[in-house]
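Start at 1 and go down the list; that is how both ligands and their atoms are numbered. Just so we're clear, the structure is a prediction, and the values are computed from it rather than from any experiment.
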Amino acid sequence: MPDLLMELGKDSYSIIIEKGALERITEHLFLSRKVLVVTDKGVPSEYSKKIVSKCAHPFLVKLDSGEQNKCPKKYLYLLKKMTENGFDRHDCVVAVGGGVIGDLAGFAAATYMRGIDFYNVPTTLLSQVDSSVGGKTAIDFGGYKNIVGSFYQPKKVIIDPEVLKTLDKRQFACGMAEIIKMFASYDKDSFDKLYSNKKMPIEELIERALKVKIDVVSKDEKESGLRKVLNFGHTVGHALECISAETPSMLLHGECVAVGMLCMSGKDAKKQIKKLLERYNLPTTFECSKKDLKNALAHDKKSKTGEISVVKVENIGKFEFKNKTHDEIINDCKGVLKLL
Ligand code: GLY
């Protein structure tokens, strides 16, 4: 498959989708320098080991897994590793993992000596189709997700679909939720193809989703308008993520986005999206109190003067941005959420 190109002038980079790319990593990445390889305990260690074995001067950091590690403490830990080992502007950082590792390692690379080379090797479907591409790097702070960060594009993204063989089913489904998000809001042709063809190869799915992401990001890198389309399902999704985190049956990010999309879709689009979500065993409803939902929406960092700009998809492939009050959003959730 030919490499994809994220066209961003001097910050352009290629995205390689290739089975076995990890084996041939030196064909793609320049590793004859100091390399900070950042991974977590949830990622099979064979992946980071493969990369470490090809580096001239590797420094491996294996963090605990989970969103709670996207924090100032772990960020400072990465900076410390680099200062202690004399990293300079010519050295680099490689993230090997999902969105948490990519965002955290990317932010460390973005800020160390005002920016050193960053390579992303995403190992979850969700990070392969969304978070590894587009340059959003960040950590959480003060109870807000991604509140401290920067737009900092990777030098290259290496996607090896082979790594998905070790990904658990629930995590795989979360990646499918983000793929469905991109197709439903922006690419009717791919949505229709997936809807009618159960056997679309994974490489094709990844490529089609990334083509959406590339088109959107290359037109609006800093999210002044169009890029907000990638937040389809995320306003309600984030709220559900906060609410469910307090319960024993905590939902994953992609699962919350799945339910969030249904809340923001028109009648026909909702029917079709729901069918696809069901195919991948993603949730299509959630039970919570109106009060919790209202509180969680009020905590949204995009909530200005009580209104949030949301993405609505009335018909597959067509989106619009709408400013809505918290009550209007709650109203849209009726029929999808079980509100107590
Ligand atoms: N994941 C949404 C974005 O990259 O803008």
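- Of the options Lys181, Arg227, Glu221, the smallest heavy-atom separation from atom 5 (O) of ligand 1 is shown by Arg227.
- There is a side-chain donor-acceptor pair under 3.5 Å between Ser127 and Thr124.
- Between Asp40 and Lys62 there is no salt bridge, since none of the side-chain N atoms of the basic residue sits less than 4.0 Å from a carboxylate O of the acidic one.
- Ring centroid separation for the pair His28 and Tyr119 does not come in under the 6.0 Å cut-off.
- Nearest non-hydrogen protein atom to atom 1 (N) of ligand 1 is Asp130 OD1, 3.1 Å.
- Note: Phe319 and Phe232 fail the aromatic proximity criterion, with ring centroids not under 6.0 Å apart.
- Looking at Asn231 next to ligand 1, no N or O pair under 3.5 Å apart turns up.
- Under a 4.0 Å criterion applied to the non-hydrogen atoms of Leu230, ligand 1 contributes the atoms 2 (C), 3 (C), 5 (O).
- Distance check: Asp64 CG to Lys74 NZ gives 5.0 Å after rounding to the nearest 0.5 Å.
- Closest to atom 4 (O) of ligand 1, if we only count protein heavy atoms, is Lys213 NZ, 2.6 Å.
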